[in-house]
Chemist: 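The structure under discussion is supplied below as structure tokens; questions concerning it will follow.
Quick caveat: nothing in here was measured; it's all calculated off a predicted structure.
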Amino acid sequence: MERSPFTAFLDVAPVGPNYLPGHAHADTLTFELSVRGQRVIVDSGTSCYGTGAERQRQRSTAAHNTVEIDGESSSEVWSGFRVARRAYPRDLEMREEDGEIVVACSHDGYRRLPGKPMHRREWRFQGEELVITDCVEGRFSEAVSRFHFHPDVRVEFTDSAEGRLWLTEAEALRWRVQGGTAAVVPSSYHPHFGVSVPSQCLEIRFQNNHPQITRISSD
């Protein structure tokens, strides 16, 4: 999806290939974002194969730019190349509204949990602002949305629920959160096999059952 100044890659497809998804990650409804050609929100990548804890972490929902519910991944991934019950996207919508571009989709990957929650995400490109709205229907104890940033991006708080994303010493984007509690945690970026680069991740914990809204805009 391209809408100046944003270029975004939105994952609204099933994990695949459907007949042999061994390389799949639990990343349904994740996305990547560039602004004026500079990478901002990135897929954290893959640095290793095998059956270790780091391989498992890199395949998990927590390592991607989407919502984790009750500490579980949206698709069951384990060992080095195993996938069991997986998320299937549904109700994909793409439309234009008064000059805005809207993409929305949900998935059923968490229906296996006791409260049968459903995650639905909407991306709304409006002028020089991107609005990401996450809703979880059904019962759950905890939901966390994460945004993994490119190592060149520095995250700053100006208040408890807003701040800046510094792309260079002189250029920044604004971010703001509604309906959640934000924190910056250490993460890692893996652009090549065997490579791990320190990075930052914005974690947003849902407040009750309210929609969680994240806004990213030009400073």
Side-chain angles (χ1 to χ4, degrees), residues 1-16 23-47 58 61-67 74 87 89 91-107 119-135 145-156 162-178 182 184 187-192 195 197-204 212-219:
M1 183 65 65
E2 289 189 281
R3 173 69 181 267
S4 181
F6 303 111
T7 300
F9 291 87
L10 316 179
D11 187 347
V12 294
V15 300
H23 286 270
H25 289 202
D27 59 357
T28 305
L29 303 190
T30 190
F31 73 107
E32 297 187 66
L33 179 70
S34 295
V35 178
R36 289 184 283 273
Q38 182 166 343
R39 300 187 73 182
V40 178
I41 296 174
V42 293
D43 186 288
S44 56
T46 299
S47 69
Q58 291 178 16
T61 294
H64 297 86
N65 306 308
T66 185
V67 172
S74 56
D91 303 323
L92 174 62
E93 300 177 38
M94 295 177 284
R95 62 186 187 273
E96 290 192 44
E97 295 178 352
D98 301 324
E100 300 177 358
I101 299 174
V102 180
V103 180
C105 192
S106 59
H107 75 80
H119 172 213
R120 183 166 182 82
R121 168 168 280 184
E122 177 189 272
W123 297 267
R124 184 177 292 267
F125 299 82
Q126 48 186 37
E128 294 200 352
E129 182 176 58
L130 170 60
V131 182
I132 303 135
T133 302
D134 289 301
C135 298
S145 177
R146 292 181 176 87
F147 301 96
H148 294 266
F149 295 104
H150 189 276
D152 291 342
V153 175
R154 180 169 57 87
V155 186
E156 175 189 73
E162 62 183 60
R164 289 185 174 86
L165 303 174
W166 289 97
L167 310 184
T168 67
E169 291 299 321
E171 183 180 11
L173 304 171
R174 288 188 181 272
W175 65 267
R176 182 159 57 95
V177 168
Q178 298 170 252
V184 175
S187 187
S188 55
Y189 175 56
H190 314 282
H192 306 290
V195 175
V197 183
S199 63
Q200 292 181 296
C201 173
L202 183 66
E203 280 191 350
I204 307 162
Q212 193 271 302
I213 303 171
T214 304
R215 300 175 181 273
I216 298 173
S217 59
S218 294
D219 198 0

Chemist: Ignoring hydrogens and angles, tell me if any N or O in the side chain of S44 forms a donor-acceptor pair with the backbone of A63 under 3.5 Å.
Modeler: yes
Chemist: Under 6.0 Å from the CD atom of E2, do we count more than 12 heavy atoms belonging to anything else shown?
Modeler: no
Chemist: Does any non-hydrogen side-chain atom of I213 lie less than 4.5 Å from one of V131?
Modeler: yes
Chemist: So, for D27 and S74, which heavy atoms are closest and what is the spacing to 0.1 Å?
Modeler: N-OG, 4.2 Å
Chemist: Which heavy atom of L173 sits nearest to which heavy atom of R36, and what is that distance?
Modeler: CD2-NH2, 4.2 Å
Chemist: With respect to H64, which candidate in E32, H25, Q58 satisfies the side chain to side chain donor-acceptor pair (under 3.5 Å) definition?
Modeler: H25
Chemist: If I compare all heavy atoms of G127 with all of R3, which pair ends up nearest, and what's the gap?
Modeler: N-NH2, 3.8 Å
Chemist: Could you check if a side-chain atom of F31 sits within less than 4.5 angstrom of a side-chain atom of D11, using non-hydrogen atoms only?
Modeler: no
Chemist: Are any side-chain N or O atoms of Q38 and backbone N or O atoms of L167, one a donor and one an acceptor, separated by less than 3.5 Å?
Modeler: yes
Chemist: Taking only residues two or more places apart in sequence or in another chain, which ones pass side chain to side chain contact (heavy atoms under 4.5 Å, CB included) with R164?
Modeler: E156, T158, W166, A172, R174, D219
Chemist: Ignoring hydrogens and geometry beyond distance, is a side-chain donor-acceptor pair present between Q212 and T214 at under 3.5 Å?
Modeler: yes
Chemist: Hey, is the main chain of V40 close enough, under 3.5 Å, to the side chain of H150 for a donor-acceptor pair?
Modeler: no
Chemist: With respect to R124, which candidate in E129, E93, E100 satisfies the salt bridge (Lys or Arg N to Asp or Glu O under 4.0 Å) definition?
Modeler: E100
Chemist: I want to check something: taking the side chain as every heavy atom from C-beta on, are F149 and V42 in contact at a cut-off of under 4.5 Å?
Modeler: no
Chemist: Can you find a pair of side-chain heavy atoms, one from L92 and one from C105, that are under 4.5 Å apart?
Modeler: yes
Chemist: Kindly write out the residues that satisfy side chain to side chain contact (heavy atoms under 4.5 Å, CB included) with S187, not counting sequence neighbours, or none if the list is empty.
Modeler: H148, S199, C201
Chemist: Return the minimal non-hydrogen interatomic distance between I101 and E96, and the atom names on each side.
Modeler: CG1-CG, 4.3 Å
Chemist: Go through the structure and list residues passing salt bridge (Lys or Arg N to Asp or Glu O under 4.0 Å) with R146, not counting sequence neighbours.
Modeler: E68, E203
Chemist: Which residue in the set I41, L202, L33 passes side chain to side chain contact (heavy atoms under 4.5 Å, CB included) when paired with N65?
Modeler: I41
Chemist: Are any non-hydrogen side-chain atoms of F147 and I132 less than 4.5 angstrom apart?
Modeler: yes
Chemist: Search all heavy atoms of Q200 against all heavy atoms of V153 and return the closest pair with its distance.
Modeler: OE1-O, 3.7 Å
Chemist: Sort out for me which residue in T28, T61, D134 forms a side chain to side chain contact (heavy atoms under 4.5 Å, CB included) with H119.
Modeler: D134
Chemist: Search all heavy atoms of W123 against all heavy atoms of L29 and return the closest pair with its distance.
Modeler: CZ2-O, 3.6 Å
